There are 2 protein chains.
Amino acid sequence: MGIKERKEKHKEDLRQRILDAAKELFLKDGYEATSIRKIAEKIEFSPTTIYLYYKDKADIMYALHQEGFKLLGSQFGVLQHVSEPFERLKAMGRVYMSFALNNPDFYELMFIMKEPIEFVKAHCHDEEWEEGEQAFTALIMTVDQCKAAGYFTSFDTTTFALNVWSLMHGLCSLKLQGHLDHMATTKAHILEEGDWLEKTFEGFIAMLNSLK
Amino acid sequence: MGIKERKEKHKEDLRQRILDAAKELFLKDGYEATSIRKIAEKIEFSPTTIYLYYKDKADIMYALHQEGFKLLGSQFGVLQHVSEPFERLKAMGRVYMSFALNNPDFYELMFIMKEPIEFVKAHCHDEEWEEGEQAFTALIMTVDQCKAAGYFTSFDTTTFALNVWSLMHGLCSLKLQGHLDHMATTKAHILEEGDWLEKTFEGFIAMLNSLK
DNA sequence: TCATTTTATTAACAGTGTTAATTATGTTTG
DNA sequence: CAAACATAATTAACACTGTTAATAAAATGA
């Protein structure tokens, strides 16, 4: 039955076209502006057709959410070739920061917004989630290897990794939500000019160095 | 002209009643569910009346945003009585964390959402903002005093303060958005049970201790 | 009391996500 | 081939959202 396969493929095609249209709107105008009706208009279908391919808007956003994690994962993957673990840890920080700055909408969807993670909790309870865990696992492993190489020996791996992630996430989200720039402008009299994101990150690296 | 004063007062009264109704709805059901129409219904006025007292929804939310900063500021204020600066710094971290956990909606409005800070940038450009800066200033001063007491001597004050804030904000927001719990459940096989927020914070304190 | 200003309301616009009922399309069977 | 069926897509509608213009009501000043 080759006809059934072609039908399946056509159906999967449309599902992808919906996602592509959603992605384009999302990256251009953000979450709120990505409405079902606008997606439908872009692919020249009726709005309700979309509900035949995705459960609801959160479902579509979850799909984009996954795309974002794949992208971050691929960028982290490259770093596995950095053999020195502490160098790799620092590089992961830089990559994470670059990812946040270069893909602010994706970052917001992946780490700031509630909707996608609530969709996971509501519909993907059978422990499938892969993409997201992979990045955290990579961090855990790197911290572990750092410890094996004599760094951070007095700290618990998971706790240390969560601290690193928290700091990077806090820094990136404060930057993206405009809080960092706001502090820079209002406290301009006491703070000299400069890129505070970069400066703070360098300060973090210095802190890590001090921890041996 | 006592009549004019009473009128002014009445007008200010209604402005406050609108804010109270908004606050009640906001703390109960969150940002999205706090609609102009629901606020109006609560105070038994027409929806459009609200626009005579607040520019738009962002204006109302900015007012709540300010209330949140006053609350956090008052909690920070108490800590000024802790004379040992490093003890005070650690206590500030705990207070910040407690505030986030006990007032998640406020925290989200103050540090996670874009709307209020964009309202500031759009309408309060004449450098009034006080409430927010106060908290950050308190942190800067405490770090400075820590340095004077021999802690973190090799680090730049502002950079160090931004690192502390970033870490605390990252930790709290990862917790509030459910990412921390998610990692705890999916990685339950490798992580023993426990309160990961608390554990990570303790790890952070340990890190600070290691920096002397 | 009349005119003026202030305050509040109704009606409406332009959207939003989502569902039920209906029509069109394509496939399979008698 | 034509009828029956399953699938896909649509229209219409519901219940909302923030916001504005035009209008009515109330309070104030002369």
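Predicted model, so just to flag it, every value in this text is computed and none were measured.
- Put simply, CZ on A:Phe45 is 16 Å from C1' on C:dT23, counting in whole angstrom units.
- Toward the 5′ end of DNA chain C lies the nearest nucleotide of B:Thr48, the other residue of the pair A:Pro47 and B:Thr48 mapping further downstream.
- Backbone-only contact: B:Lys38 has heavy atoms under 4.0 Å from sugar-phosphate atoms and none from a base.
- A salt bridge links B:Glu87 and B:Lys90; the closest N-O separation between the charged side-chain nitrogens and carboxylate oxygens is under 4.0 Å.
- For the pair A:Ile36 CD1 and C:dT19 C1', the computed distance is 13 Å after rounding to whole Å.
- C:dA14 atom C1' lies 14 Å from atom CD of A:Glu41, rounded to whole Å.
- At whole-Å resolution of the value, CG in B:Asp56 and P in D:dT19 are 5 Å apart.
- For D:dA8, the OP1/OP2 oxygens have no side-chain nitrogen or oxygen of A:Tyr51 closer than 4.0 Å.
- B:Tyr31 carries B:Lys57 over the face of its six-membered ring, with the cationic atom under 6.0 Å from the centre and within 45° of the normal.
- Atom CD1 in B:Ile50 sits about 14 Å away from atom P in D:dT20, given to the nearest Å.
- Of the candidates A:Phe136, A:Phe106, A:Tyr96, A:Tyr96 is the only one forming a ring-ring contact (aromatic ring centres under 6.0 Å, His included) with A:Phe111.
- OP1 or OP2 of C:dA8 lies within a sub-4.0 Å distance of a side-chain N or O belonging to B:Tyr53.
- Here the side chain of A:Leu52 is nearest to one of C:dT7, D:dG18, D:dA9, namely D:dA9.
- For A:Ser46 against D:dT11, a side-chain-to-base donor-acceptor contact under 3.5 Å is absent.
- For the pair A:Lys11 NZ and C:dG26 C1', the interatomic distance rounds to 14 Å; values are reported in whole Å.
- Interface remark: the B:Arg37 side chain does form a donor-acceptor pair with the D:dG18 base, using a distance-only criterion of under 3.5 Å.
- B:Gln177 places a side-chain N or O within 3.5 Å of a backbone atom of A:Ile112 that can act as its donor or acceptor partner.
- Counting any heavy atom pair closer than 4.0 Å across all strands shown, A:Tyr54 reaches no nucleic acid atom.
- Here the P atom of nucleotide D:dA8 and the CD1 atom of A:Ile43 are 14 Å apart, to the nearest Å.
- The nearest whole Å value for the distance from the CD1 atom in B:Ile39 to the C1' atom in C:dA8 is 17 Å.
- The shortest non-hydrogen separation linking A:Leu19 to A:Ala63 is CD1-CB, 3.4 Å.
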